[in-house]
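Remarks on the structure that follows.
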Amino acid sequence: MVSKSHKKCPRCNETKPKSDFIDATGSNNTKGKYCSKCYKEREKESFLEILEDEKISTLRKLKIVYGDDWPKFTFPHELQYTLWSERDFCLYCGRTFPLSPYKESFSIDHMEPLDKGGEDSYRNSVYCCNSCNSKKGKNLFIDWLDKLKPEYQKISLGVYVSKLDYHPKKYLPGLPTSRLGDGMRAWLLLDDDEIKELIEEVGRDYL
Ligand SMILES: [Zn+2]
Ligand SMILES: [Zn+2]
């Protein structure tokens with residue numbers, strides 16, 4: 001039976017209203033290939049693949065270079081999916097993250113701001129919603145905590161202490177930090193043995 005208002009989704013094999021179909025740009029479109037449920041599941045699968053790859057390959061390489069100290073030195077943008085996967089809501093306001101790590105709705109936040117000496121590191125970074133990220137601005141974490149609702153003060157403080165291993169009261173502001181850079185991006189493209197050779201050649205400190 002051919003219907004004008006319904007069609008079959010090739011992934012779940014169910015016949016659904018055409019209005020429930022999504023095109024490759026993520027918009028509702030009667031000509032879209034998959035139903036909305038399948039579209040979301042496919043998005044999640046592709047995200048999990050990237051996350052696995054990031055965790056397995058990037059983290060392994062970081063550990064070759066920095067050992068257990070990697071969270072102090074890693075610049076966070078190399079592990080954005082890993083940061084995203086730490087929780088599924090904004091630690092500052094509770095807003096739920098979307099199923100896919102769409103960049104428009106969330107940001108990497110340096111808990112202690114780079115402008116006040118915060119590290120450009122994995123351990124100093126979290127994902128939060130764009131709105132909190134811009135409200136927080138250059139506030140030190142301890143000052144920002146005061147502006148949060150009590151339940152999120154508690155959650156945020158817990159995240160901070162678990163990642164940085166000290167209380168934000170103990171943080172001493174410093175001069176602006178420059179972002180870690182392209183050097184790391186370059187060696188992350190090498191394979192494990194090439195990285196080990198490079199360490200032997202130039203020493204760990206020069207990577
Ligand atoms: Zn489907
Ligand atoms: Zn938020």
Side-chain angles (χ1 to χ4, degrees), residues 1-49 51 76-77 79-116 118-164 167-168 171:
M1 189 189 75
V2 180
S3 156
K4 275 190 179 148
S5 60
H6 286 65
K7 67 176 182 180
K8 201 172 180 180
C9 167
R11 191 173 177 277
C12 61
N13 278 324
E14 285 176 37
T15 300
K16 297 187 169 183
K18 284 183 179 173
S19 57
D20 188 35
F21 280 72
I22 308 286
D23 67 18
T25 70
S27 313
N28 273 88
N29 185 337
T30 55
K31 292 193 176 114
K33 186 168 180 190
Y34 300 106
C35 74
S36 59
K37 184 168 164 272
C38 288
Y39 181 85
K40 277 186 201 152
E41 284 173 4
R42 278 168 50 90
E43 285 286 293
K44 196 174 181 188
E45 280 163 17
S46 64
F47 151 66
L48 287 175
E49 258 173 48
L51 176 62
H77 291 268
L79 286 162
Q80 57 172 327
Y81 288 86
T82 309
L83 277 169
W84 185 87
S85 70
E86 284 185 339
R87 67 195 64 77
D88 56 11
F89 59 94
C90 174
L91 74 164
Y92 301 135
C93 73
R95 188 181 152 203
T96 310
F97 289 140
L99 187 61
S100 297
Y102 288 124
K103 288 179 187 166
E104 305 89 67
S105 57
F106 66 100
S107 319
I108 290 179
D109 175 55
H110 292 88
M111 292 189 286
E112 296 298 358
L114 297 177
D115 258 54
K116 293 185 174 160
E119 286 175 355
D120 189 26
S121 67
Y122 181 82
R123 67 172 185 171
N124 187 41
S125 299
V126 287
Y127 261 114
C128 74
C129 76
N130 279 347
S131 162
C132 287
N133 189 238
S134 68
K135 273 185 233 157
K136 181 165 170 280
K138 293 173 183 175
N139 278 292
L140 290 175
F141 199 83
I142 195 74
D143 300 329
W144 168 243
L145 274 182
D146 276 346
K147 301 179 167 71
L148 304 179
K149 289 184 184 160
E151 57 184 307
Y152 293 108
Q153 281 177 358
K154 204 175 153 200
I155 290 170
S156 300
L157 181 61
V159 171
Y160 184 103
V161 173
S162 74
K163 291 192 67 142
L164 285 160
H167 193 281
Y171 177 73

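Remember, it's 1-based here, ligands and their atoms both numbered in the order they're listed.
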(request) Examine C132 and say whether one of its N/O/S atoms is closer to the Zn ion (ligand 2) than 2.8 Å. (result) yes
(message) Suppose you place the vertex at the Zn ion (ligand 1); what is the angle out to C38 SG and C35 SG, to 10°?
(response) 100°
(request) Could you tell me the angle subtended at the Zn ion (ligand 2) by SG of C129 and SG of C93, rounded to 10°? (result) 110°
(message) Taking E14 first and then K37, would you say they form a salt bridge - that is, a charged N and a carboxylate O separated by under 4.0 Å?
(response) no
(message) Both conditions, 6.0 Å and 45 degrees, for the charged tip of K147 above the ring of Y152: are they met here?
(response) no
(request) To the nearest 10 degrees, could you say what angle the Zn ion (ligand 1) makes with SG of C9 and SG of C12? (result) 110°
(request) Any chance you could lay out the side-chain contact (heavy atoms from CB on, under 4.5 Å) test for C128 and L91, step after step, and finish with the verdict? (result) CA-CA 7 Å; C128 74; L91 74 164; 4.2 Å; yes
(request) For the pair W84 and F47, name the ring-plane relationship: parallel under 30°, tilted 30 to 60°, perpendicular over 60°. (result) perpendicular
